[in-house]
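Read through the structure below, which is laid out as structure tokens, and then see the notes.
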2 protein chains.
Amino acid sequence: MLEARLEQANILKKVVDAIKDLVQDCNFDCNDSGIALQAMDNSHVALVSMMLKAEGFSPYRCDRNIALGVNLVSLTKVLRAAQNDDILTLKAEDAPDSLNLVFESASNDRISEYDLKLMDIDQEHLGIPETDYASTISMPSAEFRRICTDLMAMSESVTIEASKDGVKFSCNGDIGNGAVTLRSHQDIEKEENNIDIELTEPVSLTFSLKYLVNFCKAQALSNKVKICLSNEVPLLVEYNLSGSSYLRFYLAPKIGDEE
Amino acid sequence: MLEARLEQANILKKVVDAIKDLVQDCNFDCNDSGIALQAMDNSHVALVSMMLKAEGFSPYRCDRNIALGVNLVSLTKVLRAAQNDDILTLKAEDAPDSLNLVFESASNDRISEYDLKLMDIDQEHLGIPETDYASTISMPSAEFRRICTDLMAMSESVTIEASKDGVKFSCNGDIGNGAVTLRSHQDIEKEENNIDIELTEPVSLTFSLKYLVNFCKAQALSNKVKICLSNEVPLLVEYNLSGSSYLRFYLAPKIGDEE
DNA sequence: GGCTACCCAC
DNA sequence: GTGGGTAGCC
């Protein structure tokens, strides 16, 4: 059986908020190392990969592999019941037909308990190869979101070019063109403002802004975001959570005329 | 004639907002003790009872009984003209065919005046018996609203059970089940957070969430709400206004298969 | 008409 | 960061 107590119900709420517009139904795969989720979006352009490590829960207990097939719209409805400081405990049997969610108020005078019906979901196995990216950019997640939403106002696509001079996000649209260029930047006082650009090879790739803006809903989970690029390979956008938990989004580049 | 000056036009606005989805047309019954309203909703499942005491107005003057037959949609349109801090004066003749509403800005540099046509409404007389309820729950109105809207996401009905252990709001729906349990709770620092459960007899009743959520629009009128329950008797949801004015909603329980 | 997402004000 | 309101979409 699974029993996982999350001090901040908020974390799961934010994770689900960030992915529910990409994925409708998916498995939460639970085992003794934690809770994992991998799913393609409907159009098979983007991929979400979440890992909530056991260490992020206290306590965490999961003896066997359990797949929780969840409809994320339904889960959102339940998670909406979580108040800000609530503690969330997830419970499921070994072959569950429902997931039990208990919200406790910090002051303990309110307990909300929900059973969410589960579904069988065919797990398409997603091998995500470990990639050595040609360029890895680390920046404030708010800044990345700002760039994406700003450029979204002009175009449906953004071209991301990383070179030794920095990283340039540019777009062409009917009303004009836009570009934001960032250079490496070390802010000693506010480390979270650092912009860090690693580069082994220049890259230039074009992506759908709609998806990138969508990924940016995960901003609330971390004040940093890591963007990994290699030519002709899906982009990786990574939000690291406490411990070594993470939420990752992959997005295939646009090619040729699509741009 | 009626002349009633309400320092906070807002109060009437909130009252009408809270009931206009239940009742289309109704009489405001004015006499020397104040302005009262009683009306069943269209499906005759819920009943609204409002009392605005003369003391809540300054000045208040009403020599004879006057029934003001008002269409609440029209009244809402007029009240929308009220600014936040406006003072509202209601005026009507003894046998009026219109209601006069004057809004004064607090600073007195703007006066808006409206005449709302009245209608003759057959008053179905509603005797509401005073009931000694088996259980009376007093809680923050925001919390009650929160519970109702949370459970609304899962089901159309909620079962409210009051026992010596506390009060439990539970529901069953297609996507799963939900329950919120509250215990008595005295917050000495913030009295408005108190949850107070009086009980002479355990009760368990099921109600339409749609109506309860509707009642909760009155939340803006008071930070406390009182919920009174007896088996097989309509639920009473009461918002107390300043003075001994009030807005009360009654709702018949669902029985048998309806649940 | 209900729901959702966005926006703004607290 | 939260709640309430509004404006579009289904």
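The figures that follow rest on heavy atoms only: side chains count, while hydrogens, waters and symmetry mates do not. In what follows, every chain begins at residue 1, and chains take the letters A, B, ... in the order their sequences are listed.
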Side chains of A:Ser43 and A:Tyr211, donor plus acceptor under 3.5 Å: yes
Between A:Asn240 and A:Glu238, a side-chain donor and acceptor under 3.5 Å: yes
Every protein N/O within reach of nucleotides 3-7 of chain C N/O, cut-off under 3.5 Å:
residue	atom	partner	partner atom	Å
C:dA5	OP1	A:Asp21	OD1	3.2

Sidechain N-carboxylate O distance under 4.0 Å for B:Arg110, B:Asp86: yes
If you restrict it to nitrogen or oxygen atoms, what contacts under 3.5 Å exist between nucleotides 4-10 of chain D and the protein, and what is each distance?
residue	atom	partner	partner atom	Å
D:dG4	OP1	B:Arg145	NH2	2.4
D:dG4	OP2	B:Arg145	NH2	3.3

Polar contact flag, side-chain donor to acceptor under 3.5 angstrom, A:Glu192-A:Asn223: no
Pair A:Lys77 + B:Asp150, salt bridge at N-O below 4.0 Å: no
Lys/Arg N to Asp/Glu carboxylate O, B:Glu143 vs B:Arg145, below 4.0 Å: no
Residues in salt bridge (Lys or Arg N to Asp or Glu O under 4.0 Å) contact with A:Lys20, at least two apart in sequence or another chain: A:Asp17
